Amino acid sequence: MVRYAAVAGDVLSRQLRALPPTHAILASAEAQRLSLEISHGAVRALVRRVMADIRARLRAHELPAEREFLIRHALGELARAAHRARLPTLRSVLNATGVLLHTNLGRAPLGEEVLAHVSLVGQGYATLEYDLARGRRGHRDAIVRPLLQEILGAEDALVVNNCAAAVLLACTALATGRDVVVSRGELVEIGGGFRVPEVITSCGARLVEVGTTNRTRIEDYARAVGPDTAMILRVHRSNFAITGFTADATREELVALGHKANVPVVEDLGSGVLVHPLAPGLPREPTVRESIAAGVGLVMCSGDKLMGGPQAGIVAGRGDLVEKLRQHPLARALRPGRLVMSALEATLRVVAEGRASVALPVVRALSERPETVRARAEAVLAVLVDLGVDVHGVVAKVQETTARVGGGTMPTVRLPSYAVRVSGIDAVKLEKALRAGNPAVVARMEDHAVLLDLRAVAERDVRALGEALVTAVQKVQGGGADGGSDDTDNAENGG
Ligand SMILES: *Cc1c(COP(=O)(O)O)cnc(C)c1O
């Protein structure tokens, strides 16, 4: 056994002897040039990482033990690593998936006038917690409270980081050590592991389940509500639908029960439609305003779903309940910063002025006529023609599709849409090349073709999308045999 190890060690050291020394790579013209662009220290770190990777691959016999080859390989890897290092990690992408509120892609894009306000507030100092009229400390809640009161007809309102934080805060501030009554039909998982029953118990509250998955009646709630009940929680089934033999207690019945038992009804609406109508032609979603009007004690929703604003959680409702949340120490840990507050204020102003379907991209995209989407798909084709590239064998045409709202909202809604369908090329490689491009494009695949759905692509991005598509097609056609490893060949595609 010892001898065997010695022999293996010999082979290994012969392999490793082929490895060029790190200082030789550092002294190369390529590394010197890179040092002028990024710092010397950064180049050194990249070289070290590249060499460690090559050493590991030599050990695994994945690379030939030839000095000349290894030097070339190391320099190539260094260039790719430097390119990647210069790209920010959080990058903007073109969303050609046909999912408007794509949670993995950051949900709602912000409108231009909203961004203008964020830019202004973010550049310098701002009245985040400062009362200009009095020249002294103010309240961050005061920034959007008047707008929320006006839009929602609520006594008071509070903003936290997201809707999950709002639910967490409400349960913690109102129900720790006490009962939260919820229908079994609403013990849902929102996504990303946010499960209503777990949130309730993690706040130290007791979950009291009532009814069944498909049917819960007001009598079920009435039997469960008692002296230990802190709240009746109602959760909007925003990301799925229960159909068939179903029954639910109405909001009015719950409010009446809560009133009689002196227990607040708290509603997690999630999807974030503040007022009706959100956009023409869409099914009616429950709105925060109607919940408040019905007498619900606290209503919570997301800022970056159908509201079309930044990631935030809105809590609106009865003054005494909102104040309890505000006073809880957890509120401080969940408060958003000024970038979010400025985006939220500008978004709410647009909503208050009834301009959401013009000024908020998500609402605009939801209400857009299919012909307008088709015109963008045709404009992408025109870019392909315009660039006059030889895309031999590749077929690109406009195809009718259905887009979705996404973000765990309106699960049953299908939006008529149009896509550019690209076939006659390795779809797996093309989809990957699109993601590796700059701008990166996230598309979807269907039947060995790549579909670029235009519903969530803004007019101003049409040209960039067309160019990115051409670059990706060329890369797949020209670069199929470049032999680069799967993870690293992406980086070449600067554009
Ligand atoms: C989406 C959703 C949440 C979570 O909202 P975030 O803002 O993503 O934290 C909570 N409850 C419901 C009903 C939702 O739909």
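Counting convention: from 1, in listed order, for ligands and their atoms alike. For clarity, every value in this text was computed on a predicted model and none was experimentally measured.
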Which residue and non-hydrogen atom of the protein lie closest to [atom], and at what distance in Å?
atom	value
atom 8 (O) of ligand 1	R107 NH1, 2.9 Å
atom 7 (O) of ligand 1	S302 OG, 2.5 Å
atom 10 (C) of ligand 1	D268 OD2, 3.4 Å
atom 3 (C) of ligand 1	I190 CG2, 3.3 Å
atom 1 (C) of ligand 1	K305 NZ, 1.3 Å
atom 9 (O) of ligand 1	A164 N, 2.8 Å

Between OG1 on residue T347 and CD on residue E345, distance to nearest 0.5 Å: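 The CD atom of E345 is 10.0 Å from OG1 of T347, to the nearest 0.5 Å.
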Measure the CD1-CZ distance between I292 and R318 for me, rounded to the nearest 0.5 Å.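 So the gap between those two atoms works out to 11.0 Å.
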Can [X] and [Y] be counted as an ion pair, charged N to O under 4.0 angstrom?
X	Y	value
E371	R374	no
R349	E113	no
E368	R364	no

So, is [X] polar-close to ligand 1, with some N/O to N/O distance under 3.5 Å?
X	result
S238	yes
H236	no
C163	yes

Answer yes or no on whether R376 is positioned over the face of Y418, meaning its NZ or CZ is under 6.0 Å from the six-membered ring centre and within 45° of the axis.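 No; the conditions do not both hold, so R376 does not lie above the ring face of Y418.
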Ligand 1 atoms in contact with N162 (distance to a heavy atom under 4.0 Å):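 Ligand 1 atoms under the 4.0 Å threshold to N162: 6 (P), 7 (O), 9 (O).
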Do any pairs count as a side-chain hydrogen bond (donor to acceptor under 3.5 Å, both in side chains) and have a residue in residues 194-208, sequence neighbours left out, and if so which ones?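 Listed once each, the pairs are D179-R206, E189-R195.
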I'd like to know if the side chain of S238 and the backbone of G408 have a donor-acceptor N/O pair within less than 3.5 Å.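 Yes, S238 side chain to G408 backbone: donor-acceptor pair under 3.5 Å.
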What part of M300 sits under 4.0 Å from ligand 1 if we count only heavy atoms: the side chain, the backbone, both or neither?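 Under 4.0 Å from ligand 1, M300 contributes no heavy atoms.
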For N239, is the nearest heavy atom under 4.0 Å from an atom of ligand 1?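 So N239 does not count as touching ligand 1.
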